[in-house]
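Structure record follows, encoded as structure tokens.
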Amino acid sequence: MSDPIPGNDTAATPPPDAAGKASDFIREIVEDDLRTRRNDGRVATRFPPEPNGYLHIGHAKAICIDFGVADQYGGTCNLRYDDTNPVVEDVEYVDAIEADIRWLGFEWANLYYASDYFEKIYEFALLLIRKGLAYVDDLNEEQIREYRGNFYKKGVESPYRDRSAEENLDLFTRMRAGEFPDGSKVLRAKVDLNSQNMNLRDPLLYRIKHAHHHRTGDTWCIYPMYDFAHPLSDAAERITYSICTLEFEAHRPLYDWFIEKCDAFPSRQIEFARLNLTYTVMSKRKLLQLVQQGYVSGWDDPRMPTLAGMRRRGYTAEAVRAFCERIGVAKNDSVVDVALLEHAVRDDLNRRSPRMMAVLKPLRLVIQNWPEDETWEIDAANHPDDPSFGTRKVPFSKVLYIERDDFKEEPQKGWFRLSTGAEVRLRYAGLVRCTEVVKDPATGEVVELRCTMDPESRGGTSPDGRTVRGTLHWVSAAHAVDAEVRQYDRLFSVENPNASDPNAPVQQTFLDFLNPASLEVLSGCKVEPALAAVAPGTRVQFERVGYFCADSKDHAPGHAAFNRTVGLKDSWAKVERKAGGEPPKAKGAVVAPATAPAQAATTVAAAPATAVAARAVLKALSPEITIDDFAKIDLRVGLVVDAGSVEGAKKLVRLSVDVGEGRPRNVFAGIRSAYPDPTVLVGRRVIVVANLKPREMKFGTSEGMCLAAGEPETGLFVATFDGEARPGDKVT
RNA sequence: UCUCCGGUCGUCCAAUGGCAGGACACAGGACUUUGGCUCCUGGUAUCGGGGUUCGAAUCCCUGCCGGAGAACCA
């Protein structure tokens, strides 16, 4: 169990009655059934993705459960595409899904499509009609909703509920034959209109969709609903455990109802809590939005939680599987700390990555007592703890590059890297002491360090046994190869990007929490020759920096490109943080141009404007964000011409604001607590952020934001003012 | 307001009427030619109130909190 090597655990089938200690409640159920021979000792599961998106880390959890349970008990797991809704599905995703599952190290016993069973499912529908358990309903969508009632109101029977079996048979056959337009009729099951469980209030079985299906083409114009198709598909494959996520819990009674009434194979549905991760969004809709609107470069952008993205970032399948094991399986809604994922990948990569040296932000260092033209080929170990990784040659010469961050003119307490007069070890090479600092006379910037090397210390230790605590990585300038390094960080800057702040002046979306520093592209990095020569996809530890992999798309001879998978743990950063009393993580930090010699990062407060600018800039696809971008925010005087509350949204106020455009803008603001009667704002002047992309909201489109401020107790007040400023005037 | 599901360290998962344990995170220390790895140490939890019991995280009652539920989505 602790050894998640793909395929390694499939051969060993424990005897069904070997009462192993089940590791979670699902395996407990399976082991109970195995003991009682419930399915003749057979275990069959399935993984049922809908082909309308890429697989993400949440799917990985499901895959590990579905395939893992089958493997562990000598059973089988099928891959079955849940393709019952032709309008949202796309073949593009099918290949990607299969590649991702295989990458994780699983192989399906059979590959099916729910659409393979359309004919069978249709037969079951006829059976239910004959049994008087299904009827064709002519009510339209809205009427059905109306008749169905709600949590507090019982359902009312449709006037078509008592059609005879003959009439239903005739109508349903003609539905299939294409005699009726979309939406004109549906087939419904006759279950229980009084149930508190809405799923049982005569659920839909079939709807008419004259749509082309990616597999069945135009054969069908009626398509079964998930609730009907799923149990019957499971039955067709004689699935013993239909494992799914918690939101299907309320569907289980219906699942069982169909099995009973159709006399189908009784698969058992078991629900577990889906995976949530801090600093991550997992919904397909949101991931699709990030891709389609260009906030990321694609489904395989290394910042995406998709398996394709994680793979490109350098994650290993073993790390993902180890993570899935660590998080466990339960029914509690939970949010897993992304640090656990990061730990899993560090843990795996530490064992399996060769070490190499790369300098990300180079600073010249000259060894003054080293001969001008002498190159020393050092044999360096590729792994400090595992000799089987072997050694490589690393060239050393008079002029080197070290990391700019490894030198400080005025070191603070505890600093044991380089500073004026200090001695450090150059990894594998020897001990050097800094004797001189060369600065650019114009800017004062440090441009070069001059050092002397202790000739006795070749290799790294000195015969007198003195301790030198600092060890730096370096690259020989004459031999260095230039590389591009993409430093990836969390895509979102808040733990929960799904939750908007109720006090925010305008309702926020997850896009407002995008981390503007999620990608920092460094060019002109210096790497040792052996590193530039690795194949795309190769994973390496840059000593003292982090785990990186050569990009699978962009890394090529003549253009070295590496992605940071995850940084090394950095206990010095912790010390600095504590000393500085700074917050744990610089949030909303603005990234200086990557090529700039000094890092002129500016930190700004996490105000809405920041998020907006961050969005705009990310959208522009530039990794380089400057303070200038914030100057682009367009503030205008607005005159409130109408104001009112918003039906169904306690915190929102709808404002109609004249900003001198001939047509007033619609603006929603979460300021209701401060303005129980929003009409007091009519006639007031406010400050509007005018150059925002209109935001689609549940209640309408918001075409701007109003500047506001306030205390938690009082709620947010809109900044208003009187005077002669005209609507549309620029505010500076 | 109704129904269902859930509530254990900061986070995730165990303990299935009998010593509340592990991992991550955090804090301290040892070691170190990566401020990495490894090792040692530490703190921190049973949602509240009643009840049953020799004994309750576990069973019962009740309150509170969180999630899900009224798509011709899955």
Within the 4.0 Å heavy-atom criterion, would you say [X] contacts the bases, only the backbone, or no part of the nucleic acid?
{"X": "A/Leu139", "value": "base"}
{"X": "A/Thr84", "value": "sugar-phosphate"}
{"X": "A/Gly414", "value": "base"}
{"X": "A/Asp227", "value": "nothing"}
{"X": "A/Glu249", "value": "sugar-phosphate"}
{"X": "A/Val468", "value": "nothing"}
{"X": "A/Pro384", "value": "base"}
{"X": "A/Glu141", "value": "base"}
{"X": "A/Ala330", "value": "sugar-phosphate"}
{"X": "A/Arg201", "value": "nothing"}
{"X": "A/Lys284", "value": "nothing"}
{"X": "A/Val88", "value": "nothing"}

Verify the ring-centre separation between A/Phe248 and A/Tyr226: is it less than 6.0 angstrom?
yes
For atom [atom1], what is the distance between [N] and [M], given to the nearest Å?
{"N": "B/U3", "M": "B/A45", "atom1": "C1'", "result": "31 Å"}
{"N": "B/C61", "M": "B/C4", "atom1": "P", "result": "13 Å"}
{"N": "B/A57", "M": "B/U16", "atom1": "C1'", "result": "11 Å"}
{"N": "B/C59", "M": "B/G7", "atom1": "P", "result": "10 Å"}
{"N": "B/G18", "M": "B/U53", "atom1": "C1'", "result": "12 Å"}
{"N": "B/U11", "M": "B/C26", "atom1": "P", "result": "15 Å"}
{"N": "B/U34", "M": "B/G43", "atom1": "P", "result": "31 Å"}
{"N": "B/G49", "M": "B/C65", "atom1": "C1'", "result": "15 Å"}

Quick one: which of [options] gets closest to the side chain of [X]?
{"X": "A/Ser334", "options": "B/G69, B/C72, B/C12", "value": "B/C12"}
{"X": "A/Gln196", "options": "B/A74, B/U34, B/U3", "value": "B/U3"}
{"X": "A/Glu28", "options": "B/C37, B/U16, B/A74", "value": "B/U16"}
{"X": "A/Ile327", "options": "B/G36, B/G69, B/C12", "value": "B/C12"}
{"X": "A/Gln541", "options": "B/U34, B/C72, B/G69", "value": "B/U34"}

Taking only side-chain N and O atoms of [X], does any of them lie within less than 4.0 angstrom of OP1 or OP2 on [N]?
{"X": "A/Ser23", "N": "B/A14", "result": "no"}
{"X": "A/Asn85", "N": "B/C73", "result": "yes"}
{"X": "A/Lys331", "N": "B/A68", "result": "no"}
{"X": "A/Ser195", "N": "B/U3", "result": "no"}
{"X": "A/Arg148", "N": "B/C72", "result": "yes"}

Between [X] and [Y], does any side-chain donor sit less than 3.5 Å from a side-chain acceptor?
{"X": "A/Asn52", "Y": "A/Glu50", "result": "yes"}
{"X": "A/Thr216", "Y": "A/Tyr113", "result": "no"}
{"X": "A/Asn197", "Y": "A/Ser195", "result": "no"}

To the nearest Å, how far apart are [X] [atom1] and [N] [atom2]?
{"X": "A/Asp333", "N": "B/U11", "atom1": "CG", "atom2": "C1'", "value": "15 Å"}
{"X": "A/Tyr223", "N": "B/C72", "atom1": "OH", "atom2": "P", "value": "18 Å"}
{"X": "A/Leu568", "N": "B/G35", "atom1": "CG", "atom2": "P", "value": "9 Å"}
{"X": "A/Asp385", "N": "B/G36", "atom1": "CG", "atom2": "C1'", "value": "9 Å"}
{"X": "A/Phe228", "N": "B/A74", "atom1": "CZ", "atom2": "P", "value": "13 Å"}
{"X": "A/Glu271", "N": "B/G67", "atom1": "CD", "atom2": "C1'", "value": "14 Å"}
{"X": "A/Trp220", "N": "B/C72", "atom1": "CH2", "atom2": "P", "value": "21 Å"}
{"X": "A/Asp406", "N": "B/U34", "atom1": "CG", "atom2": "C1'", "value": "11 Å"}

Can you tell me how the ring of A/Phe118 sits relative to the ring of A/Trp220, calling it parallel under 30°, perpendicular over 60° and tilted otherwise?
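A/Phe118 and A/Trp220: perpendicular rings.
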Fit a plane to each ring of A/Tyr223 and A/His213, take the angle between them on a 0 to 90° scale, and name the class: parallel (under 30°), tilted (30 to 60°) or perpendicular (over 60°).
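Because their plane-to-plane angle is under 30°, the rings of A/Tyr223 and A/His213 count as parallel.
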Closest-nucleotide mapping onto RNA chain B: is A/Asp82 or A/Ser571 further toward the 5' terminus? I mean the 5' end.
A/Ser571
Given that A/Tyr226 and A/Ala429 both sit by RNA chain B, which one's nearest nucleotide is further toward the 5' end?
A/Ala429
Quick check: any donor-acceptor pair below 3.5 Å linking the side-chain of [X] to the base of [N]?
{"X": "A/His251", "N": "B/A74", "value": "yes"}
{"X": "A/Asn332", "N": "B/G66", "value": "no"}
{"X": "A/Arg544", "N": "B/G35", "value": "no"}

Just list the side-chain donor-acceptor pairs under 3.5 Å for residues 326-333 of chain A, sequence neighbours left out, or say none.
residue  : atom : partner  : partner atom : Å
A/Lys331 : NZ   : A/Glu249 : OE2          : 2.8

Taking [atom1] in [X] as the centre, count heavy atoms belonging to other residues, nucleotides or ligands within less than 6.0 Å. Is the count above 12?
{"X": "A/Glu146", "atom1": "CD", "result": "no"}
{"X": "A/Lys408", "atom1": "NZ", "result": "yes"}
{"X": "A/Arg161", "atom1": "CZ", "result": "yes"}

Canonical and wobble pairing (Watson-Crick, G-U, under 3.5 Å) of RNA chain B, dot-bracket with |:
.((((((..((((....[..)))).(((((.......)))))....(((((..]....))))))))))).....
B/G69 pyrimidine/purine six-ring stacking with A/Phe151, under 5.5 Å and 30°:
yes
By the definition side chain to side chain contact (heavy atoms under 4.5 Å, CB included), identify the one residue from A/Leu79, A/Asp82, A/Ile239 that meets it with A/Arg46.
A/Ile239
Would you say that A/Phe228 contacts A/Leu128 through its side chain, given a criterion of any heavy-atom pair below 4.5 Å between the two side chains?
yes
Salt bridge (Lys or Arg N to Asp or Glu O under 4.0 Å) between A/Arg80 and A/Asp234: does it pass, once the steps are laid out?
CA-CA 10 Å; A/Arg80 181 172 72 229; A/Asp234 285 339; 2.6 Å; yes
What string of B, S and - do you get for nucleotides 23-32 of chain B, 5' to 3', when a contact is any protein heavy atom under 4.0 Å?
SS-SSS---B
Note: A/Arg490-A/Glu342 ion pair, threshold 4.0 Å (strictly below):
yes
